[in-house]
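Scroll down for the structure; my scribbles are underneath it.
This chain uses plain numbering: 1 for the first residue, then up along the sequence. Predicted model, so just to flag it, every value in this text is computed and none were measured.
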Amino acid sequence: MDATDLHHYAQHGVNHDEAGRPVKPSPAILPHLTEAEATAYDTIATAGPTPFRRIEQEMIPLAHAATRLLDVTARSHP
C-alpha cells in the first residue's frame with residue numbers, strides 16, 4: 001500500500017482494532033518496504049497526527065489487492 005492507496009481507501013480508515021480497542025502508534029521499522037510503502041506506513045503508524053491508524057483490509061476489493069500483490073512479487077523476483 002502506498003500513499004495513493006491510503007488516499008483512495010481513507011473512507012475505510014479506523015482508529016480501533018476488531019475488538020474496539022484503540023490502535024496505538026507503532027515504533028516498528030519495516031526494512032523491506034519500498035520508499036512509497038514506507039511513507040504510507042509512517043503516515044498512519046507512527047506517533048504523528050493522523051486521521052486513522054489502519055484501513056479495514058476487508059474493504060479493499062480483492063482484485064486491487066491481488067494486483068498490488070503481483071506488483072510486489074514481480075519487483076522482488078525480476
Residues Y41 and S26: side-chain donor-acceptor under 3.5 angstrom: yes
Contacts satisfying side-chain hydrogen bond (donor to acceptor under 3.5 Å, both in side chains) that involve residues 31-40 (not counting sequence neighbours) are T34-E37, E37-R75
### Message
Could you tell me if the side chain of F52 sits less than 4.5 Å from the side chain of T43, heavy atoms only?
### Response
no
Cluster link M1 to L33, ILVMFWY, side chain under 4.5 Å: no
For L70, does the CG atom sit with more than 12 other heavy atoms under 6.0 Å from it, leaving out its own atoms? yes
Result block: side-chain N/O donor-acceptor pairs under 3.5 angstrom for residues 54-67, not counting sequence neighbours:
residue: R54; atom: NE; partner: H16; partner atom: O; Å: 3.1
residue: H64; atom: NE2; partner: D5; partner atom: OD1; Å: 3.1
residue: T67; atom: OG1; partner: A63; partner atom: O; Å: 2.9

All heavy atoms of A3 vs all of A40, minimum pair found to be N-CB, 3.8 Å
(message) Can a donor-acceptor pair be found, under 3.5 Å and without considering hydrogens, that links the side chain of N15 to the backbone of R53?
(response) yes
